[in-house]
Peer 1: 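Dropping the structure in here first, questions after.
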Amino acid sequence: MKPLRRAVRAFPVLVAALLVAGASVSCSSSSNKSSSTGSGDLDTIAKERGLTPEDMKHALQQFVPPGKHDDYVMFASGGHAGQVLAIGMPSMRILKEIAVFTPEPWQGFGYGADWGDKALKDGNPAIPAGTDLTWGDTHHPALSETNGDYDGRWLYINDRANGRVGFVDLKDFRTKQIVAVPNIQTSHGGMFITPNSDYVHVSSAFPEPWPPGSYADVKDYKEKFRGASAWLKIDPATGRMDLSQSFEIELPPYNQDLADAGKLVSDGWGFIGSFNTEMATGGNMEGGKSLEAGASLNNFDYLHAINWKKAAEVAKAAGKTEEMNGIKVIRLKTAIDEGLIYMIPEPKSPHGADVDPSGRYIVVGGKLDPHVTIFDFNKIQAAIGKKDYEGTDPFGIPILKFESVLAAQVEVGAGPLHTQFDGMGHGYTSMFLASAVAKFTLGDDVVKTGEKPFTLVDTIKVNYNIGHLAITEGDTEHPEPKYLVALNKWSIDRFLTVGPLHPQNFQLIDLKGGNGPMELIADMPIGMAEPHYTQIIKADKLKALDVYPADTDSITMAPSKDAIKFGDEKVVRNGSEVEIWMTAQRSHFTPDIIRVKQGDHVKLHITNIEQTKDATHGFAIADYNIQASLEPGEVTNFDFVADKPGSYDFYCTEFCSALHLEMAGWLLVEPAASAVAAPGG
Ligand code: RUQ
Ligand code: CUA
């Protein structure tokens, strides 16, 4: 049952009053005092709290009663805090923070437990070697899809700062893999997944000198710098990315920007917007223009249309690729010769590149232009078929004629960025400068409401400076016209002041089934992240475990070879290597004393032998920077050198039981002979 409907039934009198009262009428006008819910009580509450009927209606629209569950889960990137937030909707309650690129102690990610340490270490870039990255800038989450709809299995997200992609298994909401994408130094909006999760795509944000890792002066930008479009193959069984089956396409040194996968009619294609086709490099203290000015000279930049299904075939063919830093690369000349890439002019400093649910329309925002520009995939195909080009770009890529592939332009307002769709034939575009969302109709082949095609139909103010927006099931072939979330960059005066670094503001907007004017329901401060983009999935599609099956290795999700049963715990010494098989259960570790010598290599395996939901323990050792969450059924491995002599307390970090404080023990590190010889010295 929908929680909202239940709530509405509980307050029939209030709702009836709201329906007749309207926003301007005071709550005290409701008349029926005979109801057992007591409209008088509600009126009193409303009066005391200064709530209007409109406020009360919005509260009912958002309210999820205690103990009841949300209908949707929104996965929001966390920006330069490097994580992902899982947020219930419509309640907008945070369910979980998922650590991705940044160590996070609550989940035990990056503090000694093998699963997180491995993901972080494997995610370090090969070029330049030797960097231990401890942060990332999560930008664009992409949920796995089957037949063009979210399937609730996996989540991918890119690192804007370091050109990486993280993989989160939605079985346990944990990051299992981080891939440093070769030949891509930074990535921005080029993240998307293909409709059957064959590939996750990411493209470079800023070009880098090729071969990657080499040095070149930006004076040689056009000749020496290149971008890349990376197609990372997803293992259909595990969700992991497999570089050996992946490929890249070399791109010109433009700034590749937002991107989206084709679907249905356009399945097999990908679209990547760009800016700075001027190839400006800044240099405002060297007699040049700043990048901002230099990159805004041309009237058009290019939307790259890439035939990825054909590219995947070319990547498999002998002699068509070059191996570069562990990935097959289709060089630009090959891509052009094979007909894999075309350019479509898109007006001045574009942003956003969003494919509608039918796959026919690709919508681009103007950033500095008040229009959204809508391209028609059928016309793109016809133009390519007829070789109807206006010429080539400086690298020889054919450019299609703007007019021959255009469906329409709709004037929406100042600063259009991103577009989402409701499945009823509407697009919704965020407008940063206008602090608003515009709703417009697409072509009449997809408009289900009888409205005029390619027309602005509604606008709503948001607070303030919206970046992305997201609709329930928004990037699929079947969006649900239920809620829209505005991801506002500025909150200014919307919340209590918490210092000069203000929260971001998510605003929940009711879409009324796509049939009515948009209505703002609620604000939600995001005080631990700068979410760039979100995707919103129906909650019942998620099939997360609530407890690991006994003895699970969370890396493989299979039984761990290091699991131990209660009563079989052991300590095995082999030279200077000490291996310990420990159990954890309420409220003790067994063994609870670990005796090692300074310099010993310690391998510790802890099996949480509980199978009770939520019976999580933790394991932390003082002064060793070790902390992990031990979930029920899980086997957690630690590997460290006991290099600091002394007697160290270890303890359970989750309040697991009445005797949680007693769940502790000792790591006794006997000083090496040399250290004993000089006490206090
Ligand atoms: S794009 S700053 Cu997602 Cu508008 Cu990133
Ligand atoms: Cu186990 Cu606290």
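Read the numbers this way: they start at 1 and go in the same order the structure lists the ligands and their atoms.
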Peer 1: Run the numbers for me: atoms of ligand 1, each under 4.0 Å from some heavy atom of His351, listed by number.
Peer 2: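 Listed by number with element: 1 (S), 4 (Cu).
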Peer 1: Which residues pass the side-chain hydrogen bond (donor to acceptor under 3.5 Å, both in side chains) test with His304, not counting sequence neighbours?
Peer 2: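 Here the qualifying residues are Gln256.
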Peer 1: Determine whether the aromatic ring centres of residues Trp231 and Phe192 are separated by less than 6.0 angstrom.
Peer 2: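 Centroid separation for Phe192 and Trp231: below 6.0 Å.
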Peer 1: Which residues satisfy the side-chain hydrogen bond (donor to acceptor under 3.5 Å, both in side chains) test with Thr459, sequence neighbours excluded?
Peer 2: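 Result, side-chain hydrogen bond (donor to acceptor under 3.5 Å, both in side chains) vs Thr459: none returned.
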Peer 1: List the residues meeting side-chain hydrogen bond (donor to acceptor under 3.5 Å, both in side chains) with Asp354, not counting sequence neighbours, and say none if there are none.
Peer 2: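 side-chain hydrogen bond (donor to acceptor under 3.5 Å, both in side chains) list for Asp354, sorted by chain: empty.
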Peer 1: Just verifying a value: how many Å separate Asn183 CG and Glu248 CD, rounded to the nearest 0.5 Å?
Peer 2: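 Result: 4.5 Å between the selected atoms.
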Peer 1: Might you work through the side-chain hydrogen bond (donor to acceptor under 3.5 Å, both in side chains) test for Glu631 and Ser629, ending with a clear yes or no?
Peer 2: CA-CA 6 Å; Glu631 266 107 81; Ser629 174; 2.3 Å; yes
Peer 1: Closer than 2.8 Å to atom 5 (Cu) of ligand 1, which protein N, O or S atoms?
Peer 2: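 Listed by chain and number, the atoms are His188 NE2.
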